[in-house]
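Scroll down for the structure; my scribbles are underneath it.
Keep in mind the model is a prediction, meaning the values are calculated, not measured.
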Amino acid sequence: MQYLLKISIENTQAWRLIAVDGEADCAHVAHLITLAFDYQEGTESLIVSKQKLECGVAGEPQGLKALETFDSLKLEMDDDFEFAISSNPNLKHIVHVMKKEEHLFCLMPSCLVGSGLMPKNHDLTADEINAFYDSEEIQSLDLREVTNRLRAYGSKRKNLDGNKVSEAVVRSGAAPLNFELK
């Protein structure tokens with residue numbers, strides 16, 4: 001499946017609408033959200049049905065669960081879940097599933113629309129974002145730049161395939177299988 005996700009920061013005007021592929025792993029999708037807001041690196045998490053899934057840092061998965069596909073979360077259209085990142089622990093990100101379809105008519109991944117740029121501070125608060133958005137310094141969001149950032153990262157993890165254990169899987173705690181024939 002393919003998804004349109006609207007990510008809003010609670011109590012602010014800041015939001016993004018991004019398209020992601022459900023076959024991408026959860027760590028990958030969490031990092032796409034980070035890239036959409038151009039946040040500094042931090043531990044990324046998805047909170048679905050009050051269950052926190054630690055996804056990792058900068059798309060590098062933390063545990064095998066983070067490598068499960070986004071589709072495995074079994075989200076439906078109009079469902080909400082949360083995104084969190086340790087570099088901005090004071091912000092609550094609400095992610096709303098706007099669409100879930102076999103095929104969206106846009107390239108994956110992409111940022112289709114959103115509000116202005118985010119301040120570059122670490123540990124942002126809703127008040128700081130609102131003050132920035134109300135100031136003369138606010139610049140409009142360059143969708144092409146955001147989409148280029150997302151596409152440079154890719155629609156899916158490139159180093160996973162069925163024939164070999166990727167570095168991501170090994171770093172997540174998997175051990176290679178060794179078979180002995182007798």
Side-chain angles (χ1 to χ4, degrees), residues 1-39 42-115 118 126 129 141 143 146-162 166 168-169 172 174:
M1 301 301 285
Q2 295 179 340
Y3 300 81
L4 279 183
L5 303 176
K6 181 180 181 186
I7 306 103
S8 303
I9 302 174
E10 191 171 68
N11 299 318
T12 73
Q13 304 166 44
W15 62 280
R16 302 286 186 270
L17 182 64
I18 66 171
V20 300
D21 193 324
E23 291 180 10
D25 59 72
C26 292
H28 197 86
V29 172
H31 193 58
L32 288 171
I33 295 171
T34 298
L35 291 171
F37 285 95
D38 200 20
Y39 287 143
T43 303
E44 302 155 341
S45 303
L46 302 177
I47 301 103
V48 180
S49 301
K50 299 184 182 178
Q51 299 292 318
K52 187 173 187 176
L53 171 60
E54 295 282 344
C55 293
V57 176
E60 291 301 322
Q62 179 177 327
L64 293 175
K65 187 88 173 139
L67 283 171
E68 291 181 10
T69 66
F70 188 71
D71 281 335
S72 73
L73 298 176
K74 301 194 183 320
L75 295 164
E76 297 299 331
M77 197 165 104
D78 291 326
D79 282 351
D80 290 334
F81 63 97
E82 292 179 40
F83 166 78
I85 185 163
S86 63
S87 61
N88 285 301
N90 302 315
L91 301 179
K92 184 175 181 180
H93 299 79
I94 306 299
V95 185
H96 181 75
V97 179
M98 300 280 295
K99 278 191 175 185
K100 176 184 177 181
E101 296 181 2
E102 283 293 326
H103 181 73
L104 295 173
F105 295 98
C106 62
L107 296 173
M108 298 286 140
S110 57
C111 183
L112 304 175
V113 70
S115 58
M118 296 292 290
I129 292 170
L141 184 64
L143 295 173
V146 177
T147 296
N148 286 342
R149 210 170 29 241
L150 299 180
R151 290 193 186 145
Y153 184 62
S155 64
K156 296 182 217 167
R157 188 171 304 282
K158 290 180 178 64
N159 59 346
L160 288 180
D161 66 37
S166 74
V169 173
S172 295

Legend entry - Atom pair OG1/CD of T34 and E44 - distance to nearest 0.5 Å: 3.5 Å
Legend entry - Interatomic distance, E82 atom CD to I7 atom CD1 [nearest 0.5 angstrom]: 13.0 Å
Give every donor-acceptor pair under 3.5 Å between a side-chain atom in residues 68-76 and any protein atom, sequence neighbours left out.
from	atom 1	to	atom 2	distance (Å)
E68	OE1	K65	NZ	3.1
T69	OG1	S72	N	3.2
D71	OD1	Y3	OH	2.6
D71	OD2	M1	N	3.4
S72	OG	T69	O	2.5
E76	OE2	K100	NZ	3.2

Inset, instruction - Using atom types as modelled and distance alone, determine if a side-chain donor or acceptor of R16 lies under 3.5 Å from a backbone N or O of S8. - result: no
Legend entry - I18 and I33, any side-chain heavy atoms less than 4.5 Å apart: yes
Legend entry - Gap between atom CG of L150 and atom CG of L107 - 0.5 Å precision: 12.0 Å
Legend entry - Test log, rule side chain to side chain contact (heavy atoms under 4.5 Å, CB included), inputs L5 and V97: CA-CA 5 Å; L5 303 176; V97 179; 4.0 Å; yes
Inset, instruction - Compare every heavy atom of P61 with every heavy atom of L67, then report the nearest pair and how far apart it is. - result: CD2-CG, 3.6 Å
Inset, instruction - Could you pull out all residues at least two apart from E102 that satisfy salt bridge (Lys or Arg N to Asp or Glu O under 4.0 Å)? - result: none
Inset, instruction - Sort and list the pairs that fulfil side-chain hydrogen bond (donor to acceptor under 3.5 Å, both in side chains) and have at least one residue in residues 85-99, not counting sequence neighbours. - result: Y39-H93, D78-H96, D80-H96
Inset, instruction - Mind checking side chain to side chain contact (heavy atoms under 4.5 Å, CB included) for L112 and listing every partner two or more places apart, or none if nothing turns up? - result: L4, L17, C106, S110
Legend entry - Minimum heavy-atom distance between I47 and A84, given as atom pair plus value: CD1-CB, 4.0 Å
Donor-acceptor list for residues 49-58 side chains, cut-off 3.5 Å, not counting sequence neighbours:
from	atom 1	to	atom 2	distance (Å)
E54	OE1	S45	OG	3.3

Inset, instruction - Under the side chain to side chain contact (heavy atoms under 4.5 Å, CB included) rule, collect the residues that match up with A14, sequence neighbours excluded. - result: I9, T12, S115, M118, I129, Y133
Legend entry - Contact summary for A19 and L104, nearest pair of heavy atoms: CB-CD1, 4.5 Å
